[in-house]
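Encoded as structure tokens, the structure appears first; notes follow it.
Every heavy atom of this structure was used, including side-chain atoms; hydrogens, water molecules and symmetry mates were not.
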Amino acid sequence: MQGVRIDYALCSKGLLEQVTSCEVLGDLPPKWSDHAALMLELRDVPLVEAHKPCALSSARIKRFNDAAQRSVASLFGAKRPAAALPNPDPRKASRMGNAEAIRNEPSDASQSASRNNTAKSQPSQAAHVNTLGPSCTAEAKTESDPALKEGGIALEGQTAGATLEFVEGASKLDVPQGFDEEAKAARSIIEEAKTSARTPRQYSILYPNAYPIISPGLVQLQSDPTPLMASVTDTIKSKLEGLLKSESQPTTSSCWRGERLQYLSGFGNELASEAVQGALPLGQNNPRRCAFGLYAEQLSGTAFTAPKRDNQRSWLYRLRPSVGHESFEPYATPNETLLGDFSACVSTPNQLRWLPFPPKGDTDFVDSLYTVCGSGSASSKSGFAVHMYAATAPMEERCLTNADGDFLLVPQTGALGVVTEFGWMEVAPGEICVIQRGMRFAVHPTAKLASGYILEVFSGHFALPELGPIGANGLAAARHFMTPTARFEDRQCGSFTMIHKLDGRLWGARQGHSPFDVVAWHGNYAPYKYDLAKFCPMNAAAFDHPDPSIFTVLTCPSSLPGVAVADFVIFPPRWLVAQHTFRPPYFHRNCMSEFMGLIRGAYDGKKGGFLPGGASLHSCMSPHGVDVATFEAATAGDDEPQEVGGNALAFMFETDLVPRVTPHAMQAVNLDKSYQRCWQGFKAGQIESYA
């Protein structure tokens, strides 16, 4: 029942008992209308037989009855949904954003629910969208409507002459190029007003969803029309241009807050998505002429001759080739804390811990990157790096391409809006996303500060771990990984900066249009996100503590079977039931190296000192384990089942390589110089003397 107008709701007690929810739709200015639409959700009840209304109800409703009221079909368009813009031209549809959402929209009840969600997130915009369609093109009436003057609906002091003056000025409306059909629909209201004697209030009654586009001028005319006539045209023009701009050029706010993003499900799948129907070629990858004059471009994530099981590539169909930029120059503001070669860094056997990393200042994602440690080098395509980020500003008119490897982002504070060539993603704390080598993207914080961790792998790509005897199910399920659907912008701009990271250095080039102009794509090489709350942990059911590898979400395998360049492991909330067992993490010396971070809560291995946003590093064979307080509490406990973690969420980057710590991380003010003290004070075991 999308968009049904209810002027007055006269409900009996019998009806109220069947109402499960009631919602006021629309965002109508109180100065010009006291009407609102109600959306009632009713229980499923049997239909009653037709019957006459009671005398009291008939008497009360008669005074509100409007004989000239148009039908629901004519008000909201009989041939299309009320919230959909008319898109007769595929090129024009592309400017409106993601047409795939409309084309694949579910039907019946689920369709109505989806549209209701959109209306809730952008009520005022949805009302304006409704004005630009067939609902506004009804035949004009040449006479005033007597029915509107009954019951005190017509207001005294509002003349048809004032309305006529208004529409004569508005008829000079100058509409942006490419939106002729919308302009025609808007002028239909103006033409009808010229031949009608309706007052502004009458327009609010007859056109509740078409009225907002002209209401500002009419409201002002009610008081004094003369001084405002010069600005009437500008008022409507700005309304129309603002609406169309917001629809054709998505912004950060409409992306992650005002609009429901859609994703494709699966890990490593062959996927396909198009924002405009017909943009994907059928039966081949690069036809002589692509639909709509698009350009076919392949993005290869592996060598052409890589084994089929490992081969990753995608085909992109874009408005302009990605090569259309100026020459690259060294980045204007070099980031001295970003490294891609660790030969000059130091390795240490000392256990290291950092308190939360402070932000650098007012910086965006790229300028905030801070390398903590790593191994190997980007130029040799071997090794890994661990970075921190703390962004306070969006990447406006900028994007980043990482030619060195794959980024695994772990947000800790503040959600991220991530714009990629493949589509948009929203990634909140408790989720991760992977942006693979060579993909252009921009990061927009949705809060004043967005900070977190990054694992970058220079060799290979992330994969799901082998489950072995666990079987077919458990840990991270492939279907819970989400890849964005195609979404693009056809936008010229004065200067868009293309930032390119190669061998750990940043380069910059300029171009005159947005690089996020991919209309359609298909392949198995695309960015994705994952909600860590969907991880299904495994654990010991009888006794002993399992190895932490049982909590692996993703792995980047090395050439040695079972050995990783880097693993991403989490420690989620879970139940511990092992009997006569020391349940916290055991004391350990590991041939692998472990970098740990904390997203929220308190880690069960160390209750104090290890803080959200902080980190620790235990290199190859450096001993580590729980602190004194945790050990004593665990050994004094019983064997009752215990839920650990609560709302806590810790993670680990585990690697077979020896991390080298960057000079700035070794000298950081937040390096905890007292970390080793947490292991001081353990009591020695007592051995009896034997005769």
Side-chain angles (χ1 to χ4, degrees), residues 333-342 345-346 352-375 378 383-393 395 400 402 404-416 418 427-435 441 443-445 447-458 499 501 504 506 566 568-570 593-600 603 609-619 649-655 659-672 675:
T333 55
N335 188 339
E336 302 296 340
T337 61
L338 178 63
L339 275 71
D341 187 334
F342 297 91
C345 300
V346 298
L352 301 177
R353 183 167 71 184
W354 290 268
L355 301 176
F357 288 81
K360 292 182 179 180
D362 189 15
T363 58
D364 66 10
F365 175 82
V366 174
D367 293 334
S368 73
L369 291 174
Y370 182 100
T371 307
V372 179
C373 63
S375 183
F384 75 98
V386 175
H387 313 284
M388 305 294 295
Y389 71 87
T392 59
M395 292 177 63
L400 174 64
N402 182 15
D404 291 338
D406 292 5
F407 270 169
L408 188 156
L409 276 65
V410 185
Q412 189 273 319
T413 298
L416 301 175
V418 182
V427 188
E431 297 179 315
I432 61 169
C433 77
V434 173
I435 303 172
F441 69 99
V443 174
H444 301 267
K448 293 182 179 180
L449 172 65
S451 62
Y453 311 81
I454 301 175
L455 172 61
E456 180 181 16
V457 291
F458 300 142
I499 305 173
K501 186 169 91 71
L506 297 179
F568 174 61
V569 180
I570 66 171
S593 297
E594 305 174 6
F595 178 95
M596 285 198 63
L598 185 60
I599 299 173
R600 59 177 182 258
Y603 177 52
F610 187 43
L611 304 176
S616 68
L617 176 63
H618 304 144
S619 292
L649 184 58
F651 70 89
M652 177 172 65
F653 301 149
E654 187 175 52
T655 175
R660 291 175 172 262
V661 185
T662 60
H664 49 266
M666 287 295 293
Q667 300 167 10
V669 295
N670 58 316
L671 181 64
D672 188 354
Y675 184 31

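By the side-chain contact (heavy atoms from CB on, under 4.5 Å) test, Ala650 pairs with Phe571, Met596, Leu598, Tyr603, sequence neighbours left out. Checked against side chain to side chain donor-acceptor pair (under 3.5 Å), Thr371 has the following partners two or more places apart in sequence or in another chain: His387. Scanning for side chain to side chain donor-acceptor pair (under 3.5 Å) contacts around Glu594 gives Asn590, His624, with sequence neighbours left out. In this structure Asp364 satisfies the side chain to side chain donor-acceptor pair (under 3.5 Å) test together with Arg398, sequence neighbours excluded. A search for side-chain contact (heavy atoms from CB on, under 4.5 Å) contacts involving Arg660 returns Phe342, Cys345, Ser347, not counting sequence neighbours. For Thr363, the side-chain contact (heavy atoms from CB on, under 4.5 Å) partners are Lys360, Asp367, Ser368, not counting sequence neighbours.
The shortest distance between side-chain heavy atoms of Ile454 and Met388 does not fall below 4.5 Å. With contacts defined as side-chain heavy-atom distances shorter than 4.5 Å, the pair Gln412/Pro429 does not qualify. Between Ser616 and Trp354, the closest side-chain pair of non-hydrogen atoms is not below 4.5 Å. Considering only heavy atoms from C-beta on, Val366 comes within 4.5 Å of Met395 through its side chain. Two residues are said to be in side-chain contact when any heavy atoms from C-beta on lie closer than 4.5 Å; Lys501 and Glu456 meet this criterion. Side-chain contact between Ser375 and Pro659: absent, with no pair of heavy atoms (C-beta onward) separated by less than 4.5 Å.
Leu671 CG to Met666 CE: the interatomic distance, rounded to the nearest 0.5 Å, is 6.5 Å. Separation of atoms CZ (Arg600) and OG1 (Thr413) is listed at 11.5 Å; rounding is to 0.5 Å. Summarising the geometry, atom CZ belonging to Phe441 is positioned 6.5 Å from atom CG belonging to Leu409; distances are rounded to the nearest 0.5 Å. With rounding to the nearest 0.5 Å, the separation of CG in Leu506 from CG in Asn335 is 6.5 Å. The distance from the OH atom of Tyr389 to the CG atom of Leu449 is 9.0 Å, given to the nearest 0.5 Å. Expressed to the nearest 0.5 Å, how far NE2 of His618 lies from CZ of Arg353 amounts to 8.5 Å.
The two residues Ala385 and Phe458 come nearest to each other via the heavy atoms CB-CZ, 3.8 Å. Residues Val661 and Cys373 come closest through the heavy atom pair CA-CB, 4.0 Å. Considering all non-hydrogen atoms of both residues, Ala378 and Gly504 come closest at CB-N, 4.3 Å. In terms of heavy atoms, Phe595 sits closest to Ala615 at CZ-CB, 3.4 Å.
Using a distance-only test at 3.5 Å, with no hydrogens or angles considered, no donor-acceptor pair links the side chain of Tyr453 to the main chain of Ile599. With hydrogens and angles disregarded, no donor-acceptor distance shorter than 3.5 Å links the side chain of Gln667 to the backbone of His664. At distances below 3.5 Å, at least one donor-acceptor pair connects side-chain atoms of Thr392 with backbone N or O atoms of Gly361.
Between Tyr370 and Phe357, the gap from one ring centroid to the other is short of 6.0 Å.
A tilted orientation is assigned to the rings of Phe651 and Phe568, their planes being inclined by 30° to 60°.
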Phe653 vs Val410, side chain to side chain contact (heavy atoms under 4.5 Å, CB included): CA-CA, chis, key distance, verdict = CA-CA 11 Å; Phe653 301 149; Val410 185; 4.2 Å; yes
